[in-house]
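Written out below as structure tokens is the structure these notes cover.
Keep in mind the model is a prediction, meaning the values are calculated, not measured.
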Amino acid sequence: MAHNKTLLHFLIAACFALSGCGSDQTAESSHSSKEAKGVMTDAANNSTFDVKVSAVDETEDEWVSLFNGKDLQGWRTFVSYQPKDSKYQDPDDLPVRGVNNDPKNVFSVQDGLLRISGEEWGGISTEKEYVNFHLKFDVKWGDKKWPPRETLPRDSGVLYFAVGEPGASMNHWMRSHEMQIQVGDSGDYHSLDGVLIDTHCGSANQGDWHFYRYDPDMPMCKDIANRVLKLGEFENPIGQWDSMEVIADDTMVIHKINGHEVFRGYHSRQVIDGQQVPLTKGRIEFQSEGAEVFYRNIRIKVQSAAL
């Protein structure tokens with residue numbers, strides 16, 4: 001622990017000496033002094049010393065790396081299959097590959113990055129569950145797209161408060177909330193397997209599909225188990241890295257794209273035996289959904305109380 005702190009102090013000093021280090025953290029300048037500590041850790045995580053710096057014990061108010069850049073230690077994979085169409089109408093009894101059975105290397109490490117090929121669908125989830133957390137990561141699209149989504153926008157997503165069995169939602173993913181990661185739609189909210197949330201929203205429609213759009217000035221919508229469009233357009237062009245965040249505790253959830261808050265929901269819950277119960281703890285899962293995508297700097301900060 002002392003060695004890691006010494007190394008971190010060295011990195012910070014070197015960073016300022018080089019000037020310009022941390023300039024991409026402007027969007028974070030309004031955060032508290034505790035967030036400033038996280039920004040410094042981010043700078044260290046972008047260095048060649050990433051694994052050493054992130055190897056600190058998991059304590060409150062510390063940024064901790066979830067991905068070591070070498071292997072999938074700390075993660076569990078679940079591969080379902082390559083769907084026949086993109087309407088999620090495959091039979092429920094189709095066989096799936098299952099947990100930690102990934103012969104096509106849908107989930108792998110490439111050049112220090114977490115690569116998700118997208119060829120077969122499923123998810124890679126943390127072995128641990130998290131509560132009262134702030135998650136940050138960077139994401140960039142690859143070149144490959146796969147049927148049945150080869151003509152559709154590149155798609156992935158991060159799931160949080162993910163609980164229950166793998167594949168509970170449409171045979172592919174865990175019961176959870178989702179921050180959509182999709183070209184043009186990153187930051188949208190999705191409910192998987194019927195989880196519920198409240199949010200300020202208005203109606204939105206696409207063909208026969210009715211869903212919602214987030215707007216903090218709109219009335220509060222209750223019991224949302226649907227898609228909610230994010231507020232604003234803050235994605236970078238394909239081929240560039242985007243920085244994304246999920247902040248979640250027992251009262252609300254927040255989605256951020258490149259430093260901009262695009263969604264806020266309240267009172268996460270699920271239905272068990274006909275009763276609504278709080279959903280405030282679970283795994284974090286990244287989706288494979290027909291497009292090659294890369295992730296880096298996956299890190300989390302947890303606290304004992306609400307954020």
Side-chain angles (χ1 to χ4, degrees), residues 25 27-28 31-32 34-35 38-39 41-42 45 58 61-67 74-75 114 116 123-126 128-140 155-163 169 173-182 185-193 195-199 214 216 224 227-232 234-235 241-270 278-287 289 293 295-303 305-307:
Q25 302 295 338
E28 301 294 331
H31 284 196
S32 67
K34 289 184 178 180
E35 274 298 283
V39 171
T41 307
D42 293 347
N45 283 346
E58 185 175 329
D61 302 323
E62 295 274 8
W63 285 104
V64 177
S65 176
L66 296 180
F67 172 60
W75 296 84
L114 172 61
I116 301 178
I124 181 168
S125 61
T126 58
K128 292 184 178 181
E129 294 185 323
Y130 293 93
V131 62
N132 296 335
F133 68 84
H134 187 167
L135 173 72
K136 291 185 178 183
F137 58 90
D138 302 326
V139 57
K140 182 175 73 171
D155 194 4
S156 183
V158 59
L159 315 183
Y160 55 96
F161 291 159
V163 295
S169 178
W173 307 293
M174 300 178 71
R175 170 178 288 191
S176 59
H177 302 288
E178 175 185 353
M179 184 174 82
Q180 175 74 291
I181 301 172
Q182 179 174 279
D185 299 313
S186 291
D188 285 4
Y189 169 83
H190 282 270
S191 163
L192 297 191
D193 200 35
V195 297
L196 297 167
I197 209 161
D198 303 332
T199 189
Y214 171 68
I224 299 297
R227 178 187 184 187
V228 183
L229 303 181
K230 48 69 165 111
L231 182 70
F234 302 106
E235 295 174 49
W241 288 99
D242 283 307
S243 176
M244 302 192 181
E245 301 173 54
V246 175
I247 303 171
D249 63 18
D250 58 3
T251 60
M252 65 183 173
V253 301
I254 297 172
H255 298 174
K256 298 179 74 173
I257 306 294
N258 291 322
H260 299 273
E261 182 177 320
V262 297
F263 174 79
R264 182 180 292 234
Y266 304 90
H267 308 128
S268 167
R269 54 204 187 276
Q270 61 180 321
L279 175 59
T280 58
K281 181 180 181 180
R283 301 174 190 261
I284 293 163
E285 182 172 65
F286 290 93
Q287 292 178 314
E289 195 172 356
V293 62
Y295 291 95
R296 70 179 186 185
N297 295 334
I298 306 171
R299 54 217 189 274
I300 198 166
K301 179 166 64 174
V302 296
Q303 295 184 175
L307 300 172

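I257 CD1 to M244 CE: the interatomic distance, rounded to the nearest 0.5 Å, is 4.0 Å. Atom NZ of K140 is separated from atom CG of D242 by 11.0 Å, given to the nearest 0.5 angstrom. Rounding to the nearest 0.5 Å places NZ of K281 at 14.0 Å from OG of S268. Rounding to the nearest 0.5 Å places NE2 of H255 at 10.0 Å from CD of E261. Annotation: the span from E178 atom CD to E285 atom CD amounts to 10.0 Å, rounded to 0.5 Å. Between atom CD of residue E245 and atom NZ of residue K256 there is a gap of 4.5 Å, rounded to the nearest 0.5 Å.
Looking only at distances, no side-chain donor or acceptor of S191 sits under 3.5 Å from a matching main-chain atom of L196. Here the side chain of T126 pairs a donor or acceptor atom with the backbone of I284 at under 3.5 angstrom.
A heavy-atom distance below 4.5 Å is not found between the side chains of L135 and Y160. Contact check for Q180 versus D155: side-chain heavy atoms found under the 4.5 Å cut-off. Put simply, the side chain of D193 does not reach to within 4.5 Å of the side chain of W173, judged on heavy atoms. Looking at heavy atoms from C-beta onward, V262 lies in side-chain contact with F234 at the 4.5 angstrom threshold. Contact check for F67 versus R296: no side-chain heavy atoms found under the 4.5 Å cut-off. When side chains are defined from C-beta on, I181 counts as touching V158, because their heavy atoms get closer than 4.5 Å. Between Q182 and D188, the closest side-chain pair of non-hydrogen atoms is not below 4.5 Å. Side chains of R175 and V195 form a contact here, defined as non-hydrogen atoms less than 4.5 Å apart.
Contact record, I197 with Y266: CG1-O, 3.2 Å, taken as the closest heavy-atom pair. Closest of all the heavy-atom pairs between V253 and F161 is CG1-CE1, 4.3 Å.
Considering L192, I116, V293 as possible partners of Q287, the one that fulfils the side-chain contact (heavy atoms from CB on, under 4.5 Å) test is L192.
Between Y189 and F263, the two ring planes are parallel [angle under 30°; tilted spans 30° to 60°].
Shown here are the ring pair (Phe, Tyr, Trp, His ring centres under 6.0 Å) partners of F137, two or more places apart in sequence or in another chain: F286, Y295.
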